[in-house]
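Everything below concerns the one structure shown next.
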Amino acid sequence: MYKIGNRVFDSVNMFILLLLALSTTVPFLYIAAVSFSTNAEYISREFFLIPHKWVLDSYRLIFNSSQFVHALGVSVGITVVGSFVNLLFTTTMAYGLTRNAFGQKAILFMVLFTIVFSAGMIPTYLIVKATGLLNSYWALIIPGAISTFNLIIIRQFFQNIPQELNESALMDGANEMQVFTRIALPLSKPALAAFGLFYAVGHWNAYFGAVLYLNDPAKWPVQVVLRQMVIQSQTLNTLNNEDAARLMYDVPEEQIGMAAILVATIPILLVYPFLQKHFAKGVMLGSVKG
Amino acid sequence: MALQSAEAPGQQVPPVYRKKKVSLLARLWKERFIHMLVLPGLLYFIIYRYIPMGGLVIGFQDYSVFKGFLSSDWVGLKHFKELFSDKEVVRVILNTLYLSFLMLAVAFPVPIVLAIMLNEVKFEPFKRTMQSVLYLPHFFSWVIVVSLVTLFLKGEGILNNMLGDWFGIAPIQFLIKPDLFMPLIVAEAIWKESGWGTIIYLAAIAGINPELYEAAIVDGAGRWRKIWNVTLPGMRPTIVILMILALGNVLDSGFEQIFLNLNAFTKQAGNVLDTYVYFKGIQDAQFSFAAAVGMFKSVVGFVLIIAANKFAKRMGGEGLF
């Protein structure tokens, strides 16, 4: 009787978890499948989950759209450059703050204080403007160059590197910079990979910074274009002129939006297995030992 | 500093270490590479985090873009007085508090329950697959999430089509009913972040001493008893800390999420402090007033989190700092 109670518990538990997991994936799979359907089928709602006829119409349309393709390029560029800048600024400062140099306590306090108090959107906007970054891609990279949270964890990681390694290198005549680049950095590759990926996902998903700082629609990253297409239902604006004119009343608006969602999400999905591998290790290492 | 020790005559005194007086400049020079490493990050914090804090003074001015920080007229507490008497601000604050309340009451427990459920799964591959799937939405952008929501819940959206085709129900306008706005926000947040939220609770559960479970079994505890008497208490410190953080952030709300969900119909019900600051400050270019509102929010948030932290320590647990 005791055992049966246990079994029931387990089955119900797993069943509910399964339902929850499905609720996470099914909407997405649905969109993915329907994005391959023709407009005619979609409007008449002949099928439920699986289209009868699989076509690439919607995808052809969005990749014909110069605005969409350009936005993809912008996003890729910002993700790559941005993540590099993030890692550069974050790792150097994090490491430098483990060496007990003059002013370390003050700087650490200064950094930690930003967790509990921030100036807010307006003053930050005015400073970004004052530093000449308005309407520049750099506005999406510099103002967010360091995530305080990541800084703290990466610093923790560097602190866990045994002191003897640093000492012996210094005794062998290396200067602090060389100790950083030749010892600390190579040893922290897993953490760098993990946080590089975190920063990268942040850049790929960035939306509001672009709305706030970029006035020129030609500079928009993919999330902003996606919002215009689906949330603001302005799919027609995104298509290039020929396609819009040709299809006028037959535009598969919904499917185009779905295709765009899929394209915007694929990079995340591709990177996800690597993320999973690293965040379990990277994040835990930093926090558990602290 | 040279240490002196009194010598008794004839006694051997062990060698005393004397610290060389190193001048500050010499030390800075010796550590120059470290300072070089810290400098870029330091400049970043000063320029983009601290100078804006100084820029909050425009909350006490009538900031004009042409006059700049130093020459704009000073108006003292005018904006703050406006803040408290403006009906729209009061409504916005109420919206913000309502949302935070809903989040605490409904969304906060979900990762806790999920973590316990995941922990109870004995079959590892299933557990890991579930975790992978549940963590995924955390990595989607809000644009993607709200796009999905829009496609499913709009007037001619997927859900309404299904309701109409299968049950003959007339379309329900989920996205433009003001009363549904905040609940929708909470539901979206649960869908997106609950999975990720289990990580910290699972870590807490992993830290529970296995002997406690064994003792419970000896005492005849079943599944539910064990959860209630061992697992939950083991999670208590973590739950308390996260609750403190949530309370300290009660005036915060997910700006991007709300901004993306808002439309003309739901704006009154859905406008929160963060979005209000944006609309007033950036769109209407009322920089000073918006900065004052933002400052109010930051200061209150700061006080709240310090207070909540003290409270938690008083309750016998550990605070955040």
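For the numbers below, each heavy atom of this structure counts, side chains included, while hydrogens, waters and symmetry mates do not. Residue numbers begin at 1 in each chain, while the letters A, B, ... track the order of the sequences.
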Between B/Lys154 and chain A, which part of the residue has a heavy atom less than 4.5 Å away: side chain, backbone, both or neither?
side chain
Below 4.5 Å from any heavy atom of chain B, which atoms of A/Tyr207 appear? Answer side chain, backbone, both or neither.
both
Say whether B/Asn261 and B/Glu188, considering side chains only, have a donor N or O and an acceptor N or O under 3.5 Å apart.
yes
Region of A/Leu269 that comes under 4.5 Å of a non-hydrogen atom in chain B:
side chain
Side chain, backbone, both or neither of A/Met14 within contact of chain B (heavy atoms, under 4.5 Å):
both
Please classify the contact of B/Ile58 with chain A as side chain, backbone, both or neither, using a heavy-atom distance under 4.5 Å.
side chain
Evaluate B/Phe152 against A/Tyr30 for ring pair (Phe, Tyr, Trp, His ring centres under 6.0 Å), listing each step before the verdict.
CA-CA 10 Å; B/Phe152 273 90; A/Tyr30 183 90; 5.7 Å; yes
Report the option among A/Thr148, A/Val271, A/Val179 that has the most heavy-atom pairs separated by less than 4.5 Å from atoms of chain B.
A/Thr148
Check each atom of A/Phe102 against the heavy atoms of chain B and say whether the ones under 4.5 Å are side chain, backbone, both or neither.
both
Structural part of B/Glu256 lying under 4.5 Å from a heavy atom of chain A
side chain
Only pairs of heavy atoms separated by less than 4.5 Å count here; which of B/Thr150, B/Leu24, B/Ile34 has the most with chain A?
B/Ile34
Non-hydrogen atoms of chain A under 4.5 Å away: do they reach the side chain of B/Ser132, the backbone, both or neither?
both
Would you mind checking which part of A/Ile146 comes under 4.5 Å of any heavy atom in chain B, side chain (CB onward), backbone (N, CA, C, O), both or neither?
both
Could you verify whether a donor N or O on one side chain and an acceptor N or O on the other, from B/Arg49 and A/Thr124, lie under 3.5 Å apart?
no
Counting only heavy atoms closer than 4.5 Å, note whether A/Leu88 contacts chain B via side chain, backbone, both or neither.
neither
Under 4.5 Å from any heavy atom of chain B - which part of A/Leu22
neither
Examine whether an atom of A/Leu262 lies under 4.5 Å from a heavy atom of chain B, and if so say whether it belongs to the side chain, the backbone or both; otherwise answer neither.
neither
Between B/Phe259 and B/Trp142, does a ring pair (Phe, Tyr, Trp, His ring centres under 6.0 Å) hold up when you go through it step by step?
CA-CA 10 Å; B/Phe259 183 72; B/Trp142 274 115; over 10 Å; no
Where does A/Thr90 contact chain B at under 4.5 Å (heavy atoms): side chain, backbone, both or neither?
neither
A/Met110 versus chain B, the contacting section by heavy-atom distance below 4.5 Å
both
Hey, can you tell me if B/Phe287 and A/Tyr125 have their rings parallel, tilted or perpendicular (30° and 60° cut-offs)?
parallel
Sort A/Leu17 into side chain, backbone, both or neither according to what part of it lies under 4.5 angstrom from a heavy atom of chain B.
both
Please work out which of the three classes, parallel, tilted or perpendicular, describes the rings of A/Phe28 and B/Phe140, given edges at 30° and 60°.
parallel
Decide whether A/Ser35 and A/Gln255 meet the rule of one side-chain donor and one side-chain acceptor closer than 3.5 Å.
no
Other residues, nucleotides, ligands: >12 heavy atoms within 6.0 Å of A/Arg182 CZ
no
I'd like to know which of A/Thr114, A/Ile107, A/Ile16, A/Leu97 tops the heavy-atom pair count under 4.5 Å against chain B.
A/Thr114
Structural part of A/Ile231 lying under 4.5 Å from a heavy atom of chain B
both
Cut-off 4.5 Å, heavy atoms of chain B, and the answer for A/Tyr95 is side chain
Between B/Met130, B/Lys122, B/Met295, B/Gln283, the one whose heavy-atom pairs under 4.5 Å with chain A are most numerous
B/Met130
Most heavy-atom pairs under 4.5 angstrom with chain B, which of A/Leu126, A/Leu20, A/Val201, A/Leu112?
A/Leu126
